[in-house]
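First up is the structure itself, then whatever we jot down about it.
In this text the structure is predicted, and so the values were computed from the model without any measurement.
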Amino acid sequence: MADRVVLAYSGGLDTSVAIRWLQETYGLETIALTIDVGNERDIPAIAARARTIGARKALTIDARRDFLEYFVWPALQAGALYEGAYPLATALARPLIAKLLVDTARREGATAVAHGCTGKGNDQVRFDVSVMALAPDLKIIAPVREWSMTRDAEIAYAQQHGIPVPVTSASPYSVDANLWGRSIECGILEDPWVEPPSDVWQWTEDPAAALSPTEITLTFEHGTPVALDGEELDPVTLVQRLNAVAGKHGVGRIDHVENRLVGIKSREVYEAPAAITLLTAHRALEGLTLSREQVRLKEQFAGEYARLIYNGLWYTAVHADLMAFVRSSQRFVSGEARLKLSHGTCAVVGRRSQHSLYQHALATYETGDAFDHHSALGFIALWGLPVKTQAEIQLLSGQQGEGFGIPDMLAAPETSVNGHGDKAAEAGSSIAAPDGAEAAG
């Protein structure tokens with residue numbers, strides 16, 4: 001019996017060609033594994049296509065709920081946005097797919113796993129490193145990385161071998177989608193000067209022509225969403241509804257030039273209506289329920305968490321460490337956020353929580369103000385004490401602006417006696433002139 005390889009099969013061009021190529025090149029029996037993470041595709045039809053092409057088996061797994069609960073929700077709690085823009089939809093699915101590849105390889109007695117990533121993308125790193133962490137004994141094969149065929153050559157290969165694929169040279173977009181977002185690249189999008197054509201967008205309406213503004217309310221418990229407009233929903237249904245509702249208002253379009261892990265810049269176009277809406281609502285609740293120092297640390301860790309996900313380091317000790325902090329920070333992030341969806345924007349218009357640190361009596365300037373204004377004097381004296389001490393001991397008179405980019409004539413101006421500069425005139429050249437200029441005589 002020939003050795004077996006489990007291929008992460010999406011039904012697209014790369015993995016469809018890979019089934020035939022693995023047989024021809026390695027003599028491996030291919031088990032095609034299709035994992036549903038909310039791709040909105042005909043999963044049974046994809047499995048049937050794999051068998052038609054030559055897969056020994058075509059297996060499918062519905063992993064949508066696991067994807068949200070164990071991968072997306074932790075990223076949401078962390079506030080993870082790569083480079084402040086990308087909600088990491090594709091990147092979050094990769095460690096889950098890698099785990100299911102490994103689990104299937106163990107059950108099927110396979111000696112290798114395979115994926116359809118190119119040699120210049122991020123996904124190859126995410127898959128390979130995740131498999132290395134989970135099953136270092138398994139061989140990893142990346143046909144697209146090995147065969148070095150261009151996209152046009154792949155299409156020609158598919159046509160020559162009678163491989164049915166839903167891509168032609170006339171429609172060259174490469175699309176990856178799951179519940180958390182949709183990624184689109186290739187074709188005309190590779191020119192960062194060109195506006196994405198209208199046919200790129202499928203989940204979001206044109207913001208200029210979107211529906212009239214509407215408000216929604218999202219309910220969270222311990223940093224994870226549990227209800228939409230007061231109706232408790234399972235994670236999959238909640239995200240699906242949000243994608244539909246926010247998408248109708250044009251929310252979630254992202255056009256971003258990002259820095260790939262492999263060292264190149266890439267123009268990426270994303271649609272993520274639910275992700276943008278939930279991240280916005282979650283951040284609003286954290287503003288109510290986290291202390292200033294928690295917010296400060298969360299802001300720092302959010303970037304680190306996003307980079308960790310983007311760079312394929314989900315199954316690492318540093319991720320376990322960061323996740324422990326994130327989980328702890330979410331103990332009191334429960335409550336509701338009200339958002340207005342309007343022509344491509346998602347704005348917070350209200351938030352409330354039973355654990356809110358916002359106290360009206362302390363915040364108000366009206367009747368009922370309970371803040372002790374006199375205590376501010378002592379606070380300022382102590383807060384400013386080291387600044388005052390250093391100024392008295394180390395900063396020389398007349399040089400207060402030195403080192404801060406402030407010209408001396410602005411930092412320590414002479415005071416006019418009668419408003420006409422008499423005192424300055426009497427001082428002669430005592431006012432220092434900017435570098436390169438002579439003082440007035």
Side-chain angles (χ1 to χ4, degrees), residues 36-38 40 62-81 87-89 92-93 96 177-182 203-205 210-252 271-290 294-295 298 302 305 323 326-342 344-358:
D36 183 5
V37 285
E40 294 189 351
D62 183 351
R64 292 175 298 170
R65 183 156 188 154
D66 285 348
F67 173 53
L68 292 176
E69 289 188 345
Y70 299 114
F71 295 85
V72 171
W73 284 175
L76 171 62
Q77 291 175 317
L81 278 171
L88 299 158
L92 281 165
L96 170 60
N178 60 49
L179 285 168
W180 202 232
R182 180 171 176 266
W203 290 8
T204 55
E205 298 291 337
L211 298 175
S212 299
T214 190
E215 288 188 7
I216 62 171
T217 300
L218 287 164
T219 305
F220 287 75
E221 290 182 2
H222 309 300
T224 61
V226 295
L228 172 61
D229 291 331
E231 181 183 358
E232 291 190 9
L233 300 169
D234 66 88
V236 174
T237 302
L238 190 149
V239 171
Q240 287 174 333
R241 286 195 188 177
L242 267 181
N243 274 327
V245 171
K248 287 180 181 178
H249 291 273
V251 173
E271 287 183 290
I276 294 302
T277 304
L278 285 169
L279 284 161
T280 302
H282 179 261
R283 189 181 307 115
L285 271 182
E286 285 193 326
L288 277 184
T289 57
L290 298 186
Q294 285 177 300
V295 170
K298 275 293 302 316
Y305 205 95
M323 183 178 284
V326 170
R327 284 176 175 168
S328 177
S329 74
Q330 301 300 294
R331 287 171 295 163
F332 300 106
V333 185
S334 299
E336 294 179 308
R338 197 169 79 252
L339 302 99
K340 179 178 287 187
L341 309 177
S342 176
T345 65
C346 172
V348 177
V349 294
R351 72 285 278 166
R352 63 186 177 187
S353 170
Q354 63 271 39
H355 304 299
S356 175
L357 299 178
Y358 177 91

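Considering all non-hydrogen atoms of both residues, Arg182 and Trp203 come closest at CD-NE1, 3.8 Å. Between Leu357 and Thr289 the shortest heavy-atom distance is CD1-O, 3.6 Å. Between Ser353 and Leu288, the shortest heavy-atom contact is N-CD1, 4.0 Å. For Pro87 against Ala272, the heavy-atom pair with the smallest separation is CG-CB, 3.9 Å. Nearest heavy-atom pair, Gly79 versus Leu279, reported as atom, atom and distance to 0.1 Å: CA-CD2, 4.1 Å. When all heavy atoms of Leu242 and Ala274 are compared, the closest pair comes out as CB-CB, 3.7 Å.
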Candidate pair Lys340 and His249, rule side-chain contact (heavy atoms from CB on, under 4.5 Å), full reasoning: CA-CA 10 Å; Lys340 179 178 287 187; His249 291 273; over 6 Å; no
- Query: Val333 and His282: side-chain contact (heavy atoms from CB on, under 4.5 Å), yes or no, with the steps?
  - Reply: CA-CA 8 Å; Val333 185; His282 179 261; 4.1 Å; yes
Evaluate Thr217 against Glu336 for side chain to side chain donor-acceptor pair (under 3.5 Å), listing each step before the verdict. CA-CA 7 Å; Thr217 300; Glu336 294 179 308; 5.8 Å; no
Please test Leu218 against Leu228 for side-chain contact (heavy atoms from CB on, under 4.5 Å), starting from the C-alpha separation and ending with a verdict.
CA-CA 5 Å; Leu218 287 164; Leu228 172 61; 3.8 Å; yes
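With values rounded to the nearest 0.5 angstrom, Leu96 atom CG is found 7.5 Å from Phe67 atom CZ. To the nearest 0.5 angstrom, Arg283 atom CZ is 11.5 Å from Arg351 atom CZ. In this structure, CD on Glu286 lies 9.5 Å from CZ on Phe220, to the nearest 0.5 angstrom. Rounding to the nearest 0.5 Å places CG of Leu179 at 7.0 Å from CG of Asn243. The distance from the OG1 atom of Thr224 to the CG atom of Leu68 is 11.0 Å, given to the nearest 0.5 Å. Leu88 CG to Leu81 CG: the interatomic distance, rounded to the nearest 0.5 Å, is 7.0 Å.
Shown here are the salt bridge (charged side-chain N to carboxylate O under 4.0 Å, His left out) partners of Glu69, two or more places apart in sequence or in another chain: Arg65. Partners of Arg64 according to the salt bridge (charged side-chain N to carboxylate O under 4.0 Å, His left out) rule, which considers only residues two or more places apart in sequence or in another chain, are Asp36, Asp62.
Applying the salt bridge (Lys or Arg N to Asp or Glu O under 4.0 Å) test to every pair with at least one member in residues 224-234, sequence neighbours left out, gives these pairs: Glu231-Arg241.
Between Val72 and Leu278 the shortest side-chain heavy-atom distance does not fall below 4.5 Å. Two residues are said to be in side-chain contact when any heavy atoms from C-beta on lie closer than 4.5 Å; Val326 and Pro74 fail this criterion. Between Leu341 and Pro213 there is no side-chain heavy-atom pair separated by less than 4.5 Å.
Under the side-chain contact (heavy atoms from CB on, under 4.5 Å) test applied with Tyr305, the options Met323, Gln77, Lys298 reduce to a single match, Met323.
Here the side chain of Thr277 pairs a donor or acceptor atom with the backbone of Pro273 at under 3.5 angstrom.
In the displayed structure, Tyr70 atom OH is contacted under 6.0 Å by at most 12 heavy atoms of other residues, nucleotides or ligands. Taking a 6.0 Å sphere around CD of Glu215, one finds it holds more than 12 heavy atoms contributed by other residues, nucleotides or ligands.
Using a 3.5 Å distance cut-off with no hydrogens or angles, the side chains of Ser329 and Gln294 do not pair a donor with an acceptor.
Note: His355 and Phe332 have perpendicular aromatic rings, judged against thresholds of 30 and 60 degrees for the angle between ring planes.
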